[in-house]
Undergrad: 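Pasting in a structure now, in structure tokens, and then I'll have a few things to ask.
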Amino acid sequence: MYIVLISWLALRTGGDVTSVGKVLICWQVLALTVGPFAGHLIDRTRRRRAFAAGEMIHASGVAVLGLIVWAYGPQPTPLAVLYATASFVSLGSLLSYPSSQALLQRAGAAALMRAVSRGILAGQAGNIVGAAIGGLCLAALSMTACLLVCAGFSLVAATLTSLVNDNDDLGARSHGAHGRDLAQGLSQTLANPHIRISGCALILAFASAHASNALLAAFTRFDLNLSSETYGFLAAMYSGGGVLGSVVLSGLCNRTTERLLIAVGTVFLAAATAGFSSAHTPIEALFWQGAIGLSFTIVRAGCDVTILKTVPTRMVGRVRSNIDAAIGVAAVAVYLLPTLLHGFAARDMFVGLSLAFACGSGLILWLQWRAAKADLPQPGGDSKVISPSPSCVRPRD
């Protein structure tokens, strides 16, 4: 809901698609610069408390923006205010998301594929409701009321952490040297080829999500000539495809592998983005947006399971934050596209992104082939075992 509201507010204030990217880029800059240190902080504290603190920060930033919009009344809210509040809100996200991954790893240790699929299903369902509510609220309520409703959801999320059993959130907290802990997190991220492949695939998947955030409002308004209500449903359809993918993956959790999910998902992502760039009617746009969301979920499920199987619980915060920092680099490039390609329509940018995703999926397939070749037994020696542990094995602490 926040993405829908802030994107429409930025578009209304700045008047063009570049305004949306400049506001949404705040999270990516912080993920790149502050994210690794936030992950280190998460690994040194209880994940339940870190998640609650992140959601409280998120709620405060959104509520403050709502009050500022109310204070300005009919006058446009300065873009500098949007940048400042977006940066503050992003600090909360940097704490809450890696913390939720660490909690999920412990809760679903016996069957990670099923746990990750259901976790993505819950998140995508929330995205659908949030995006749809955001579009409807924009049509029926003031921007201030919309933002306060959005802040309320974060407060509910923070409150729900009281239901988590604190004794299960042991989190293997480290008290060693800060520099050594950061170096260990970076080494863990880069050393294992399966984590590297997952990181590259997640960069592609989240680049598609960020492209939707940055370009969908302009694509809806200028290329399709549709209203804010339709924009909300288009944004929700991305998660609609994700829900479908999560349901399917929950049923196939014992019949597929993470490697196959990553390979199929990245190829499908490029094809679906190309299809979306050719949409000229609301029905076509809804269909292809759902297909992109479906491919995103397939890739994310395969990558999340691989990471949570491979990474020790005590290092999940650092590894996820390092990957988020890499995702942030790609996202910055995506959000700068409207500025760098000033004069190009959002449709043209989606065409270019589909070509980039096609190249990226080819790279993923090549990296998987190399990793599979390295896993094969070497002539005259022992096999080189670097693959993740079976999903029925509890992650090592």
Side-chain angles (χ1 to χ4, degrees), residues 1-27 65 69 72 74-79 81-83 86 127-128 130-147 150 207-241 272-293 331 334-354:
M1 183 177 181
Y2 173 72
I3 293 296
V4 170
L5 297 179
I6 197 68
S7 298
W8 201 259
L9 180 59
L11 188 63
R12 188 180 71 182
T13 302
D16 58 15
V17 66
T18 62
S19 304
V20 179
K22 290 176 181 177
V23 172
L24 296 180
I25 204 173
C26 294
W27 191 93
L65 176 59
V69 170
Y72 273 88
Q75 297 179 351
T77 305
L79 283 174
V81 172
L82 300 186
Y83 300 150
N127 288 340
I128 291 176
I133 290 176
L136 294 174
C137 285
L138 284 172
L141 303 174
S142 66
M143 181 58 72
T144 296
C146 293
L147 290 168
C150 181
S208 77
H210 293 308
S212 179
N213 294 339
L215 303 175
L216 184 59
F219 186 80
T220 303
R221 183 171 180 179
F222 301 130
D223 289 283
L224 299 178
N225 297 315
L226 299 174
S227 64
S228 62
E229 296 97 317
T230 307
Y231 165 58
F233 284 109
L234 273 175
M237 195 60 189
Y238 191 103
S239 297
T273 305
F276 182 75
S277 68
S278 66
H280 288 87
T281 66
I283 298 300
E284 291 175 344
L286 286 169
F287 173 80
W288 286 114
Q289 184 76 334
I292 296 174
V334 170
Y335 287 131
L336 288 178
L337 279 179
T339 302
L340 298 175
L341 302 178
H342 187 69
F344 284 82
R347 184 186 302 278
D348 299 329
M349 299 179 199
F350 274 117
V351 172
L353 285 170
S354 68

Undergrad: Measure from the side-chain N and O atoms of Arg347 to the backbone N and O of Ala279, and report whether any donor-acceptor pair falls under 3.5 Å.
TA: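 Such a contact is found between Arg347 side chain and Ala279 backbone.
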
Undergrad: Under 3.5 Å, which donor-acceptor pairs do the side chains of residues 133-143 form with other protein atoms, sequence neighbours left out?
TA:
| from | atom 1 | to | atom 2 | distance (Å) |
| --- | --- | --- | --- | --- |
| Ser142 | OG | Ala145 | N | 3.2 |

Undergrad: Ser208: what forms a side chain to side chain contact (heavy atoms under 4.5 Å, CB included) with it, not counting sequence neighbours?
TA: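 Side chain to side chain contact (heavy atoms under 4.5 Å, CB included) check on Ser208 returns Tyr238, Leu269, Ile292, Phe296, Phe357.
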
Undergrad: First locate atom CG of Leu216, then atom CE of Met237, and finally report the distance between them rounded to the nearest 0.5 Å.
TA: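 Reported to 0.5 Å precision, the distance equals 12.5 Å.
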
Undergrad: What's the separation between atom SG in Cys150 and atom CD1 in Ile3, rounded to the nearest 0.5 Å?
TA: 9.0 Å

Undergrad: Would you say Ser354's side chain and Val351's backbone share a donor-acceptor pair under 3.5 angstrom?
TA: yes

Undergrad: For Ala285, is there any backbone N or O sitting under 3.5 Å from a side-chain donor or acceptor partner on Gln289?
TA: no

Undergrad: Applying side chain to side chain contact (heavy atoms under 4.5 Å, CB included) between Leu215 and each of Leu353, Asp223, Val334, report the one that passes.
TA: Leu353

Undergrad: From Ser7 OG over to Tyr2 OH, what is the distance, rounded to the nearest 0.5 angstrom?
TA: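 Going from OG on Ser7 over to OH on Tyr2, the span is 9.0 Å.
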
Undergrad: Under 30°, 30 to 60°, or over 60°: which ring-plane class applies to Phe219 and Phe350, parallel, tilted or perpendicular?
TA: perpendicular

Undergrad: Rounded at 0.5 Å granularity, tell me how far OG in Ser277 sits from CE in Met349.
TA: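 CE of Met349 is found 13.0 Å from OG of Ser277.
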
Undergrad: If you round to the nearest 0.5 Å, how far is CD1 of Ile6 from CG of Leu82?
TA: 5.0 Å

Undergrad: Going by side chain to side chain contact (heavy atoms under 4.5 Å, CB included), name the residues that satisfy it together with Leu340, two or more places apart in sequence or in a different chain.
TA: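 Here the qualifying residues are Leu336.
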
